[in-house]
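Any value given below was found using the heavy atoms of this structure, including those in side chains, with hydrogens, waters and symmetry copies removed.
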Amino acid sequence: MEEEAWNKEIVPRVLQLVSQRQRLGLRDLCTLLLLSPSCYHALLSHHHLWEVLDLHEMNNAGERLLAALSLPRYQHVKYLNLEFAQDIEDKHVMQLKGKSLMDLRSLNLNGCQKISDDGIEAVTAACPNIRIFSIYWNVRVTYVSVKHLVNNCKEITELNLSGCKILLYCPMIMSLNLYALSSLTDNAYQMISFLTNLRFLDLCGAQNLSDQGLSSIAKCKNLVSLNLTWCVNVTDVGVLALASTCTSLEYLSLFGITGVTDKSLEALSRSCSATLSTLDVNGCIGIKRRNRNELLELFPKLRCFKVHS
């Protein structure tokens with residue numbers, strides 16, 4: 001009788017609680033499995049609960065990953081988070097080759113410093129349908145990893161290589177974060193012009209980006225967000241090229257660029273006044289001071305004002 005009452009009352013409450021949470025932590029889910037056999041089977045029947053495998057910042061993450069993926073309930077995992085996970089190496093991800101991870105859509109390897117090109121080759125071969133891939137702050141991966149991504153993962157739409165020493169050519173990319181990659185040259189930025197679907201680009205701190213490089217980037221006509229903070233070699237020439245083609249910009253940061261003047265602002269007003277809602281020209285000493293009303297005359301859609309006063 002107690003077991004029957006448990007099945008009728010407690011298990012439905014547990015499932016109701018779980019269903020109200022978009023993503024329940026791995027530790028919490030595993031704890032719920034231990035409540036009762038009925039709860040165990042009921043939770044396993046809800047496949048969406050096991051679409052997320054979150055091991056971020058966990059110790060012994062490599063062994064935990066392999067153990068989890070050996071369980072049937074994770075055969076359709078879609079989101080794998082290993083951000084700053086400890087003790088995960090190439091030898092662990094290379095074992096993914098023999099596992100079915102065709103449903104994986106998002107992989108976060110941020111801060112996994114022991115992963116190299118060999119590991120990326122293995123994981124891209126095992127997970128060909130990845131759409132979101134992030135490997136921020138890894139100095140071991142090279143352009144070889146980019147080749148593996150391009151060759152094996154045709155569905156990628158968002159890629160974060162911030163803090164890595166690599167570049168890419170992958171036409172489907174919509175979002176690209178190259179924050180703090182100050183060593184790239186105009187040859188690298190020229191490659192970005194091939195990303196015709198690019199909408200979000202972060203080049204904060206790209207100190208080697210020149211007007212020539214920005215003119216190449218300007219060929220990405222679908223850009224809506226561009227961060228040029230501290231791109232100190234850019235001048236009006238580059239911004240004028242940008243304004244002439246990127247007419248859908250909604251966010252633009254020119255923070256700290258002393259080489260741009262009112263010519264840039266006027267050009268942007270002519271081309272992007274209907275879309276630009278956030279503009280940051282702090283530190284642009286060549287742009288004269290304006291009050292809010294004056295800015296709204298140039299950019300009626302502005303919602304965020306970041307200008308020197």
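- Cluster membership for L276 and L295, using ILVMFWY side-chain heavy atoms within less than 4.5 angstrom, is shared.
- Between Y74 and W50, the two ring planes are perpendicular [angle over 60°; tilted spans 30° to 60°].
- The ring-ring contact (aromatic ring centres under 6.0 Å, His included) check on F200 picks up nothing, with sequence neighbours excluded.
- Counted within 6.0 Å of CZ on F255, heavy atoms from surrounding residues, nucleotides or ligands total more than 12; the atom is thus considered enclosed.
- With hydrogens and angles ignored, the 3.5 Å screen pairs no side-chain donor or acceptor of E83 with any backbone N or O of Y136.
- Among residues two or more places apart in sequence or in another chain, the side-chain hydrogen bond (donor to acceptor under 3.5 Å, both in side chains) test is passed with N60 by none.
- Under the 4.5 Å side-chain heavy-atom criterion for ILVMFWY residues, no single connected hydrophobic cluster contains both F84 and F133.
- The CD1 atom of I257 sits 10.5 Å away from atom CG of D236, with the distance rounded to the nearest 0.5 Å.
- No side-chain N or O of S210 forms a donor-acceptor pair with one of N233 less than 3.5 Å apart.
- Contact of the L242 side chain with the L226 side chain is registered, since non-hydrogen atoms from C-beta on lie closer than 4.5 Å.
- For F299 against S273, the heavy-atom pair with the smallest separation is CD2-CA, 4.2 Å.
- Taking every heavy atom of both residues into account, S193 and C220 meet most closely at CA-SG, 4.0 Å.
- Using a 4.5 Å heavy-atom cutoff, the side chains of V77 and E51 are not in contact.
- Atom CD of Q212 is surrounded by 12 or fewer heavy atoms from other residues, nucleotides or ligands within 6.0 Å.
- The minimum heavy-atom distance between N222 and N197, with the atom names listed, is ND2-CA, 4.3 Å.
- Sorted by first and then second residue, the ring pair (Phe, Tyr, Trp, His ring centres under 6.0 Å) pairs involving residues 85-120 (not counting sequence neighbours) form an empty list.
- Under a 4.0 Å N-O distance rule, the pair R290/D262 qualifies as a salt bridge.
- Looking at T124, its side chain does come within 3.5 Å of a backbone N or O of I120 through a donor-acceptor pair.
- Nearest approach of H76 to D103, heavy atoms of both residues: ND1-OD2, 2.6 Å.
- By the criterion of side-chain heavy atoms lying less than 4.5 angstrom apart, applied directly or through intervening Ile, Leu, Val, Met, Phe, Trp or Tyr residues, V93 is grouped together with L66 in one hydrophobic cluster.
- L69 and I88 end up in the same hydrophobic cluster when Ile, Leu, Val, Met, Phe, Trp and Tyr side chains are linked at under 4.5 Å.
- Side-chain contact check for T275 and S248: no donor-acceptor pair (N or O, by modelled atom type) lies under 3.5 Å.
- T185 and N208 form no side-chain donor-acceptor contact under 3.5 Å, judged by distance and modelled atom types alone.
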